[in-house]
Amino acid sequence: MSFKPLNVLRQNVDLPGPGETTRVERGRLHLLLEHKRGGYLLVTHDGVRSRRYWLGLPASGTLELRVRPPDHRVQVNVQEVLCLAPGGRLRGYVAVPVLHRLVWVRPDGSAQALVDLPPPDLQTAWLGEGEGGGYAHSAASPFFVERRGIDHELASLVPVSVRNDSDVVVRPPHLAITLRERDLLALDGRLLAAPRRIVFTSEQHQRELVRPLPATLAEVLG
């Protein structure tokens with residue numbers, strides 16, 4: 001069996017019968033689930049590397065592949081140079097990679113995470129102690145990403161408004177974005193996030209304000 005998802009946020013993964021396989025495609029992420037003697041063999045390939053997992057699953061329940069936000073804030077390294085005069089602002093759209101998680105859902109509706117599948121273009125680093133420290137991800141994106149230039153099954157389109165509230169010119173080295181599960185929305189087969197307003201009080205200090213989720217795709221892209 002081979003199929004593409006109808007829902008970019010979650011989908012059921014059919015369990016193959018003995019000697020059969022199920023294939024799932026999410027952009028460049030490919031999953032192959034085989035029914036082997038004694039369990040299920042899952043082979044994943046994210047476009048860079050391949051991994052193998054053995055899954056022991058009970059007779060009752062369902063297997064789901066779910067989209068989830070990154071665990072930590074994402075420092076989006078904009079591929080262009082942003083330059084904001086005091087009081088200046090810019091509006092754009094950046095792409096933030098998302099994770100996929102294979103989940104086992106029991107008949108009572110409770111879910112247990114089995115396998116996390118982080119994208120290869122989402123790096124994680126420890127930034128030290130204190131303000132601005134802790135763990136953070138990093139990713140690269142254009143500031144005005146083209147709608148056709150994003151893999152909507154592997155990354156979320158995030159509308160951003162950037163404002164300089166300081167009295168000096170700001171050239172931000174990155175935009176810090178924290179995605180939460182309740183921020184993600186599927187519209188017209190695209191994965192979207194609630195719009196962000198990022199305010200700089202200096203080149204090193206920024207704060208993120210989350211706006212309400214859009215009701216339509218035109219509201220985001222208009």
Side-chain angles (χ1 to χ4, degrees), residues 1-74 95-126 135-141 148-158 178-193:
M1 292 175 286
S2 179
F3 58 93
K4 292 189 176 182
L6 299 176
N7 186 333
V8 294
L9 285 174
R10 65 171 60 187
Q11 71 175 100
N12 288 333
V13 178
D14 292 337
L15 296 180
E20 297 180 343
T21 61
T22 294
R23 299 177 185 270
V24 178
E25 299 178 7
R26 305 279 302 207
R28 66 178 181 273
L29 175 63
H30 295 264
L31 282 70
L32 175 67
L33 185 65
E34 298 182 67
H35 191 156
K36 296 281 190 178
R37 179 180 299 177
Y40 296 88
L41 175 63
L42 173 68
V43 181
T44 68
H45 197 285
D46 58 16
V48 176
R49 60 184 178 272
S50 178
R51 290 184 175 177
R52 295 160 62 92
Y53 308 83
W54 279 101
L55 306 180
L57 304 176
S60 59
T62 57
L63 193 62
E64 287 187 3
L65 186 65
R66 298 182 179 180
V67 166
R68 56 184 299 263
D71 293 315
H72 313 288
R73 70 184 184 277
V74 181
V96 175
V98 295
L99 289 77
H100 285 79
R101 171 175 283 176
L102 205 59
V103 174
W104 181 252
V105 183
R106 301 172 66 179
D108 63 3
S110 61
Q112 286 81 35
L114 295 176
V115 177
D116 277 337
L117 302 171
D121 49 355
L122 189 68
Q123 306 301 314
T124 307
W126 171 254
Y135 284 102
H137 303 293
S138 64
S141 171
R148 296 180 180 177
I150 175 176
D151 190 334
H152 292 279
E153 295 175 334
L154 299 177
S156 174
L157 185 66
V158 185
T178 303
L179 291 185
R180 303 162 299 182
E181 192 166 346
R182 63 179 180 270
D183 295 335
L184 298 177
L185 177 69
L187 281 177
D188 294 348
R190 292 177 169 87
L191 185 61
L192 306 171

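Each residue takes its place number in the sequence, starting with 1. All values below come from the heavy atoms of this structure, side chains included, with hydrogens, waters and symmetry mates left out.
H137 and T124 share a donor-acceptor pair across their side chains, judged by distance under 3.5 Å alone.
Enclosure of atom CZ in R180 by more than 12 non-hydrogen atoms of other residues, nucleotides or ligands within 6.0 angstrom is indicated. Other residues, nucleotides and ligands contribute at most 12 non-hydrogen atoms within 6.0 Å of the CD atom of E181. No more than 12 heavy atoms of other residues, nucleotides or ligands lie within 6.0 Å of CZ in R182, so this atom counts as exposed by the packing criterion.
Annotation: side chain of P69 is in contact with side chain of L184 (closest heavy-atom distance under 4.5 Å). Two residues are said to be in side-chain contact when any heavy atoms from C-beta on lie closer than 4.5 Å; L154 and R28 meet this criterion. Here the side chains of V96 and L157 are not in contact, with every heavy-atom distance at 4.5 Å or above. Looking at L117 and Y53, their side chains come closer than 4.5 Å, going by heavy atoms from C-beta outward. Proximity of V24 to V13: side-chain heavy atoms (C-beta onward) are separated by under 4.5 Å at one or more points. For the pair P120/R49, a side-chain contact is recorded, criterion being any heavy-atom separation below 4.5 Å from C-beta on. Using a 4.5 Å heavy-atom threshold, the side chains of V158 and L192 count as separate. For the pair L191/V67, a side-chain contact is recorded, criterion being any heavy-atom separation below 4.5 Å from C-beta on.
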Ignoring hydrogens and angles, write down the donor-acceptor pairs under 3.5 Å from the side chains of residues 100-109, residues two or more places apart or on other chains.
| residue | atom | partner | partner atom | Å |
| --- | --- | --- | --- | --- |
| H100 | NE2 | R26 | NE | 3.3 |
| H100 | NE2 | R26 | NH2 | 3.4 |
| H100 | NE2 | E153 | O | 3.3 |
| R101 | NE | D116 | OD1 | 2.6 |
| R101 | NH2 | D116 | OD1 | 3.4 |
| R101 | NH2 | D116 | OD2 | 3.1 |
| D108 | OD1 | S110 | N | 3.0 |
| D108 | OD1 | S110 | OG | 2.7 |

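To the nearest 0.5 Å, the span separating CG on L31 from CZ on R51 amounts to 12.5 Å. The structure places CG of L9 at 11.0 Å from CG of L65, a figure rounded to the nearest 0.5 Å. In this structure, CG in N12 is found 8.5 Å from CG in L63, a value given to the nearest 0.5 Å. The line from CG of L122 to NE2 of H72 is 9.5 Å long, rounded to the nearest 0.5 Å. Atom CG of L32 and atom CD of E25 lie 11.0 Å apart (nearest 0.5 Å).
Using a distance-only test at 3.5 Å, with no hydrogens or angles considered, a donor-acceptor pair links the side chain of T22 to the main chain of D14.
Considering every non-hydrogen atom in both R73 and Y135, the closest pair reads NH1-O, 3.7 Å. The heavy-atom pair separating P97 from P119 by the smallest distance is CB-CG, 3.7 Å. Closest non-hydrogen pair, P18 versus H35, comes out as N-ND1, 3.3 Å. Nearest heavy-atom pair, R68 versus D71, reported as atom, atom and distance to 0.1 Å: NH2-OD1, 2.5 Å. D46 approaches P118 most closely through the heavy-atom pair OD2-O, 4.3 Å.
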Residues L114, L57; criterion side-chain contact (heavy atoms from CB on, under 4.5 Å); working and verdict: CA-CA 10 Å; L114 295 176; L57 304 176; 3.9 Å; yes
From CA spacing to verdict: side-chain contact (heavy atoms from CB on, under 4.5 Å), T178, V74: CA-CA 6 Å; T178 303; V74 181; over 6 Å; no
Stepwise side-chain contact (heavy atoms from CB on, under 4.5 Å) check, V43 with S50: CA-CA 7 Å; V43 181; S50 178; 3.8 Å; yes
